[in-house]
Amino acid sequence: MNKSDEIGKAFDFRLFKRVFAHTKPYQIIFWVVAITAILSAAFAVGIPILVKDIINGALDSKNSQQLFTAIMFMLALLIGQVTMQLGFNYYANLLGESVIKDIRVRLFQKMMGFKMTYFDNSSIGVLVTRAVADMQRIGEIFSQGFFMIVADVLKMISAAIIMTIINWKLALIVFAILPVILVATRLFQQAMKVAFIEVRAQVSNLNSFVQERLAGMKIVQLFNREEVEKEKFRVINEKHQNAWLKTVWYNSIFFPIAEISNSIGIGLVVYFGVIQNIENIGLDNKGAIVAFFFLMDLLFRPLRQIADKFNTLQMGMVAANRVFKILDTSSHIADEGSVVKADVKGDIEFKDVRFGYIKDEEVLHGISFKVNAGETVAIVGATGAGKSTIINLLNRFYEINSGQIVIDGVSIHDYTLQSLRSHIAIVLQDVFLFADTIANNISLRDENITVSEIEAAAKQIGVHEFISSLPGGYQYNVKERGTMLSSGQRQLIAFLRAYVSNPSILILDEATSSVDTYSEQLIQQATDKITEGRTSIIIAHRLATIKKASKIIVMDEGQIVEIGTHKELLKKGGYYNDLYKAQFLEEEVA
Ligand SMILES: Nc1ncnc2c1ncn2[C@@H]1O[C@H](COP(=O)(O)OP(=O)(O)OP(=O)(O)O)[C@@H](O)[C@H]1O
Ligand SMILES: [Mg+2]
């Protein structure tokens, strides 16, 4: 992404309109915010006018009754202003939070529909930043950016008008300082825009880095990478720091300039209004000079802060741009099929399937095989042969380049995704568990699956005892990614998850890591049970599984080299025979 792309024009109105379109469901809140912003500006401007009248009228004439009324008036104005401010703060934040709540839900929903390829090519840390930190920035467009700017502009315009009415000559003198502040503000704003894009990028980097290292902490410690990682982190951190310091630096330059301009303004008013006074300027009352001080503050202070608010607005827009980019990404598996089957028998056929994860890098070079309903087929082959890839295609995690995959005589493209996936259960090579109870990890919070059903299923496949032995049994919380369980145990939970969903087609990608004999037995027993009476494809690493299969598909480098039963293939003395000798013979002898 090009930096200047992201900055875009001075102000991107289309983007702005798009952000504001999200306030539609909150029209009432929107107007409450707008009105409180306007009123708080009006009250602010009312105060100097009142001060002028108090000094000129009530104070001069020493009329205590009049003074009392004026002071009461002043009090009412102040209370009004405070109330409006309060209302504004609350409702502007409410509006912002409501809008980002909606966008966030849409973003998450969008992400859930993305193809696996999208995730293969995205940094999880960056996506997390989009869904969390960037959202907050978008909210600030409402709570701290746009409406505040409107209120400030209103304040400034009214202050300028009132100054002109009180004494246009003195007002002109004050206005003479405005260009200095305006130019400084403009420069500041431009510098900040670039600086903040850098800040965002560095925050993203930091997020990704920390997230990844934390997830892979074992590797970091195992290979003594602490020093190296610390160094890398130091560099990223330093970039992050520098990016922030740049914004601080700009702030440090800008605010003194604004402050000095303000003081010069006060000096000029004192000089011309008081010292040169009446003949030259025609200022005929004390109240007016005091009112000028107030009004100048109303003119200059927002002008300084407006730059800050523009930054907030700009940062929000940059964030919105990034989030909308994800929302506009079309990376969905086309769900154009219409076939919905309540039941499938489970006949599967691959017809000359070619596929590559990356363009022009084919991984499967024309795969053809048939699995009859109810059969158990084993796929074996060296690592990287393309075994897991085959199952990634069956439920359309990825789209094939050419060929056809057919279930019960219907191409998988003709099923609705929902229907297709409802008939297939997959136990992946790396079992993923949510930070939740075992029961919820099995039912995936499907309310139609009761705990007693889960228990019954667990008994059937022989894992009830193991689960019951855990503290809390089915209510045992496995913590993030299931770290509280061994990999064999995790695999058993995944078996149960698949079994409970009662699919017509079961895919099992056996973990390559070896487990202890006891778990091995449990897994074997569970495997036998869950493959019973349904079409099963097992990517097998265990000899026992392979031998029981009605058919073995032997793969090498993205191609099927042999198909047959264990005995047939041994007799043939080909690739499988070699594989068997190299990998399994010892196992069998032992
Ligand atoms: N998400 C992916 N993006 C790009 N390439 C991938 C992806 N997943 C796998 N590959 C590549 O596809 C090829 C086949 O991988 P696959 O996972 O199917 O192997 P496998 O036979 O299951 O191996 P193993 O026995 O080690 O599990 C490998 O060369 C791998 O580099
Ligand atoms: Mg694999």
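Just so you know, ligand 1 is whichever comes first in the structure, and atom 1 is the first atom listed for that ligand.
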* Within-4.5 Å side-chain heavy-atom neighbours: K232 and E229 -> yes
* Asked: Quick one: are L394 and I390 in side-chain contact, heavy atoms under 4.5 Å?
  -> no
* To do: If the plane angle is over 60° it's perpendicular, under 30° parallel, otherwise tilted; pick one for F434 and F432.
  =>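 Correct class here is perpendicular.
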Classify the side-chain pair [X]/[Y] by whether it contains a donor and acceptor separated by less than 3.5 Å.
{"X": "Q525", "Y": "Q521", "answer": "no"}
{"X": "E510", "Y": "T545", "answer": "yes"}
{"X": "D120", "Y": "Y357", "answer": "no"}

* To do: Give the total of protein N/O/S atoms at a distance below 2.8 Å from the Mg ion (ligand 2).
  =>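 Count of protein N, O, S atoms less than 2.8 Å from the Mg ion (ligand 2): 2.
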* To do: Using side-chain contact (heavy atoms from CB on, under 4.5 Å) as the criterion, point out the one residue from L127, T329, I326, T117 that pairs with S122.
  => L127
* Sub-3.5 Å N/O-N/O distance, G384 and ligand 1 ->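 N/O-N/O distance under 3.5 Å: yes.
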At less than 4.0 angstrom from any non-hydrogen atom of [X], what atoms of ligand 1 do you find?
{"X": "Q429", "answer": "24 (P), 27 (O)"}
{"X": "D120", "answer": "1 (N), 2 (C), 3 (N)"}
{"X": "T389", "answer": "14 (C), 15 (O), 16 (P), 18 (O)"}

* Asked: Taking non-hydrogen atoms only, is V363 closer than 4.0 angstrom to ligand 1 via side chain, backbone, both or neither?
  ->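 The answer is the side chain of V363.
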* Asked: With a 4.0 Å heavy-atom cut-off (strictly under), which part of Y398 contacts ligand 1: side chain, backbone, both or neither?
  -> side chain
Using atom types as modelled, flag every donor-acceptor pair under 3.5 Å from a side chain in residues 452-459 to any protein atom, sequence neighbours excluded.
residue, atom, partner, partner atom, Å
S452, OG, T450, OG1, 3.2
E453, OE1, T450, N, 2.9

